[in-house]
Amino acid sequence: MANDKIEVDNMQRILVADDVEINREILCDILMDGYIVETAEDGAQAIRILKEYQSDIAALLLDLQMPNMDGYAVLTWMEDMRWLDTIPVVIISAERSIEIENYCFEKGVSDFIHKPFNSSIVRKRVDNIVELYTRKNGLEEKLALQAKTLEEQELIIQLQTRRLKDTKIFNDLMMQYHAAILEVEAKLNVLYAEFAQEYNRNPFESIKSRLKSPKSIYEKLERRGFPINTDSIREHLTDVAGVRVICSFPDDIYRLAELVVSHDDIILVQKKDYIKNPKPNGYRSLHLILDVPIFLSVGKQYMKVEMQFRTIAMDFWASLEHKLRYKKNMENTEEIERQLKVCADSIDILDDQMLQIRNKIDKTHSALLRRDQ
């Protein structure tokens with residue numbers, strides 16, 4: 001008897017609403033070996049049972065023509081309560097009007113079974129609908145749980161970030177990283193002025209700098225499993241301070257990077273050349289991690305700065321790729337990645353062609369100068 005009770009407890013509940021007793025009995029006989037079957041004689045009784053067992057009703061088999069309150073009214077009530085999203089409704093009716101079937105499907109019913117009943121058809125359709133909605137509801141619950149978990153994680157991140165941001169030692173560290181950026185920018189501006197004076201050309205087009213946000217710092221340390229403190233930031237993060245230099249031509253990148261590193265107070269920590277060795281997605285840029293000296297009242301100390309060198313075309317591609325990569329619910333990702341790779345390769349060819357054109361112009365200009373002399 002105990003095993004029988006466990007089996008019944010695990011069975012799903014079906015509600016059959018039909019004013020004809022013989023129809024209710026037939027459906028009970030068809031479904032009773034797999035489900036707990038509740039019955040209702042009209043719409044009002046069906047709604048009472050729905051209210052009582054709402055979360056346990058696996059499906060509603062609903063007749064349209066019933067006294068007191070018909071099936072149409074039940075559908076309207078369920079629509080208003082938004083229960084059609086979680087409880088599948090199968091219409092059981094002798095009606096064969098296409099207009100009526102269309103109306104029911106537009107309301108949100110899941111299937112339509114015509115009288116007289118075929119036991120095999122009824123059982124298979126009900127089983128399929130119940131299984132489909134069980135999976136759907138389970139997936140929605142899982143997604144809701146994931147969303148709640150992400151929301152809780154985001155609240156934790158915000159709280160921890162606020163605590164980090166409000167500490168004096170963290171703000172002092174951010175000031176030091178900012179000072180390192182200023183040192184790098186000062187060296188670049190000197191080179192810019194020198195090139196403009198001596199060579200009548202610019203070694204770069206623009207400089208972009210940024211400090212990593214407290215939230216990004218927290219998330220990166222958390223993701224890598226490092227402690228959340230200033231010592232950990234100094235030791236484990238190399239991109240808190242970032243400077244991006246946009247050049248016109250690829251050879252300007254290497255020349256300028258070499259000049260920056262050649263300063264006797266700059267220490268090259270790491271170099272990653274994604275121009276000669278692009279990433280699989282086509283990304284091209286030269287990355288340098290530098291130790292840069294800053295001068296404080298307590299003396300000199302070194303801060304890490306990440307420098308990125310790109311051409312104008314490379315920077316254009318990278319900016320768009322970054323925006324597209326963080327779009328949500330993106331379809332055809334493989335095709336989009338393939339097209340982005342094609343664009344990156346085309347930009348590399350374009351950069352090379354523009355460099356060749358510039359070299360031809362410089363060569364012609366030099367020849368004219370020598371002739372005039």
Side-chain angles (χ1 to χ4, degrees), residues 10-28 30-32 34-119 121-148 151 328-329 331:
N10 290 331
M11 291 173 67
Q12 293 173 296
R13 196 179 302 272
I14 298 287
L15 172 58
V16 175
D18 194 310
D19 64 320
V20 179
E21 184 177 0
I22 188 63
N23 289 334
R24 298 197 299 271
E25 291 178 355
I26 290 172
L27 291 171
C28 283
I30 294 172
L31 300 170
M32 66 184 301
Y35 301 94
I36 300 172
V37 183
E38 304 287 345
T39 60
E41 298 178 6
D42 60 29
Q45 190 176 359
I47 287 176
R48 285 197 296 272
I49 296 173
L50 283 172
K51 288 180 177 178
E52 181 178 357
Y53 295 109
Q54 178 202 348
S55 59
D56 295 329
I57 297 294
L60 166 62
L61 277 62
L62 180 66
D63 187 19
L64 292 175
Q65 303 297 334
M66 293 183 291
N68 300 324
M69 184 178 188
D70 61 19
Y72 297 105
V74 174
L75 283 177
T76 299
W77 181 84
M78 291 183 70
E79 183 181 31
D80 292 340
M81 297 294 292
R82 303 185 67 85
W83 285 8
L84 288 170
D85 295 333
T86 54
I87 301 176
V89 176
V90 178
I91 299 299
I92 49 175
S93 176
E95 290 282 359
R96 295 187 178 272
S97 166
I98 294 177
E99 288 78 10
I100 291 177
E101 289 194 26
N102 282 336
Y103 171 83
C104 292
F105 283 124
E106 287 172 1
K107 277 286 188 180
V109 304
S110 299
D111 205 348
F112 213 103
I113 297 176
H114 294 288
K115 301 175 182 178
F117 302 124
N118 179 297
S119 60
I121 294 296
V122 170
R123 184 56 187 263
K124 287 178 180 177
R125 289 194 174 184
V126 170
D127 286 347
N128 288 341
I129 290 297
V130 169
E131 182 180 2
L132 177 65
Y133 263 71
T134 299
R135 291 182 179 180
K136 172 179 174 288
N137 292 336
L139 179 60
E140 289 177 349
E141 289 176 6
K142 185 176 180 180
L143 291 174
L145 180 61
Q146 289 176 344
K148 183 179 179 182
E151 185 177 342
K328 295 182 179 180
N329 303 319
E331 298 180 355

Is the number of heavy atoms from other residues, nucleotides or ligands under 6.0 Å of Met32 CE greater than 12? no
Below 4.5 Å, heavy atoms only, C-beta onward: do [X] and [Y] meet side chain to side chain?
| X | Y | result |
| --- | --- | --- |
| Trp77 | Ile47 | yes |
| Leu15 | Leu61 | no |
| Thr86 | Tyr133 | no |
| Val122 | Val126 | yes |
| Val89 | Leu75 | yes |
| Ile14 | Ile57 | no |
| Tyr35 | Val130 | yes |
| Asp19 | Glu41 | no |

List the steps and the verdict of side chain to side chain contact (heavy atoms under 4.5 Å, CB included) for Met81 and Leu50. CA-CA 11 Å; Met81 297 294 292; Leu50 283 172; over 6 Å; no
Taking every heavy atom of Ser110 against every heavy atom of Pro88, the minimum-distance pair comes out as OG-CB, 3.5 Å
Which heavy atom of Asp42 sits nearest to which heavy atom of Pro67, and what is that distance? CB-O, 3.3 Å
If I take atom [atom1] from residue [X] and atom [atom2] from residue [Y], how far apart are they, to the nearest 0.5 angstrom?
| X | Y | atom1 | atom2 | result |
| --- | --- | --- | --- | --- |
| Ile129 | Ile87 | CD1 | CD1 | 14.0 Å |
| Ile49 | Leu60 | CD1 | CG | 9.5 Å |
| Ile26 | Arg24 | CD1 | CZ | 11.5 Å |
| Gln12 | Asp127 | CD | CG | 9.5 Å |
| Cys104 | Asp111 | SG | CG | 11.5 Å |
| Asp18 | Ile92 | CG | CD1 | 4.5 Å |

Any salt bridge between Lys115 and Asp63, counting N to O under 4.0 Å? yes
With a 4.0 Å cut-off on N to O distance, would you call Arg48 and Glu52 a salt bridge? no
Strictly distance-based, threshold 3.5 Å: is any side-chain N or O of [X] a donor or acceptor partner for the main-chain N or O of [Y]?
| X | Y | result |
| --- | --- | --- |
| Arg125 | Phe112 | yes |
| Arg13 | Val37 | no |
| Asp70 | Met66 | no |

Check step by step if side chain to side chain contact (heavy atoms under 4.5 Å, CB included) holds for Val109 and Val90. CA-CA 6 Å; Val109 304; Val90 178; over 6 Å; no
Stepwise, does the side chain to side chain contact (heavy atoms under 4.5 Å, CB included) test hold for Glu101 with Glu106? CA-CA 9 Å; Glu101 289 194 26; Glu106 287 172 1; over 6 Å; no
Less than 3.5 Å apart, any donor N or O on the side chain of Ser97 or Glu95 sitting next to an acceptor on the other? no
